[in-house]
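This report refers to the structure that appears directly beneath it.
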Amino acid sequence: MNTTVAELMRRNLLDVFNEPDVERRNAAIAVTYADDVVWHEPDRVHRSREALARRAAELLAQSPDWVMRPDGPVSVNDDLGHLAFHYGPAGEAPIVAGMDIARCKDGVIIELYTFVSGNSQPS
């Protein structure tokens, strides 16, 4: 059974980029993205599931007490998904706002674009 675009968008945000446990995060990555996924960040592009996993781990290590929170529902248009998010210290006002836009095919994300505003990361 194919995973819906809306489910993939929520999994991307919450089960991958919000998951501190490496085994659970890697399990989510394996079922959320194509092997050859391309992820576009504002300042770099990652090509492959492994590259995405490395960058997700880096982001979590840079700000271990920060959490991702959805900012509204997932929007879906055919094979495209959009989910806005907030990012910041747990239990505090968010520091960063952003959105993910993903193109999906055969139940996985094949291309992901992340846009952010506010501070990009804590120092």
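All values derive from a computational prediction rather than experimental measurement.
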Practice problem: Flag the pair Leu13 / Asn18 as yes when at least one side-chain heavy-atom distance between them is below 4.5 Å, and no otherwise. | Solution: no

Exercise. Could you tell me the separation between the CE atom of Met9 and the CE atom of Met99, rounded to the nearest 0.5 Å?
Key: 10.5 Å

Quiz prompt | Where Ala51 and His46 come nearest, the two heavy atoms and their spacing | solution = CB-CB, 4.0 Å

Practice problem: Identify whether Tyr113 and Met68 are in the same connected component of the hydrophobic contact network (ILVMFWY, side-chain heavy atoms under 4.5 Å). | Solution: no

Quiz item: Distance from Asp21 atom CG to Asp15 atom CG, nearest 0.5 Å?
Solution: 11.5 Å

Quiz item: Is there a chain of hydrophobic side chains (I, L, V, M, F, W, Y, each step under 4.5 Å between heavy atoms) that links Ile101 to Val37?
Solution: no

Quiz prompt | For Asn26 against Ala53, the heavy-atom pair lying closest together | solution = OD1-CB, 4.2 Å

Quiz item: Is it the case that one hydrophobic cluster holds both Leu14 and Val74, taking links as side-chain heavy atoms less than 4.5 Å apart, direct or via other members?
Solution: yes

Quiz item: Within a reach of under 6.0 Å around CD of Glu58, are more than 12 heavy atoms found that belong to other residues, nucleotides or ligands?
Solution: yes

Self-check item: Spatial distance of atom OG1 (Thr32) from atom CZ (Arg11) [nearest 0.5 Å]
Solution: 4.0 Å

Quiz item: How long is the span from the CG atom in Asp35 to the OG atom in Ser48, to the nearest 0.5 Å?
Solution: 9.0 Å

Quiz prompt | ILVMFWY network linking Tyr33 to Leu60, side-chain heavy atoms under 4.5 angstrom | solution = no

Quiz prompt | Heavy-atom side-chain proximity of Phe17 to Asn12 below 4.5 angstrom | solution = yes

Exercise. Would you indicate whether Arg47, at its atom CZ, is surrounded by more than 12 heavy atoms from other residues, nucleotides or ligands within a distance under 6.0 Å?
Key: no

Quiz item: Which atom names give the shortest non-hydrogen contact between Ala102 and Leu112, and what distance separates them?
Solution: CB-CD1, 3.9 Å

Exercise. Test Glu19 against Arg25 for salt bridge (Lys or Arg N to Asp or Glu O under 4.0 Å), laying out the working first.
Key: CA-CA 6 Å; Glu19 178 53 65; Arg25 185 173 59 248; over 6 Å; no

Exercise. Over all heavy atoms of both residues, which pair between Ala97 and His86 is shortest? Give the atoms and the distance, please.
Key: CB-CD2, 3.9 Å

Quiz item: Side-chain heavy atoms under 4.5 angstrom apart, residues restricted to Ile, Leu, Val, Met, Phe, Trp, Tyr: same cluster for Val116 and Trp66?
Solution: yes

Quiz prompt | Nearest atoms (heavy-atom pairs only) where Arg69 meets Val67 | solution = NE-CG2, 3.8 Å

Practice problem: For residues Ala28 and Val16, report the shortest heavy-atom separation together with the two atoms involved. | Solution: CB-CG2, 4.0 Å

Quiz item: Atom CG of Asp100 and atom CD1 of Ile109: how far apart are they, to the nearest 0.5 Å?
Solution: 8.0 Å

Quiz item: Rounded to the nearest 0.5 Å, what separation is found between the CZ atom of Arg103 and the CG atom of Asp79?
Solution: 6.5 Å

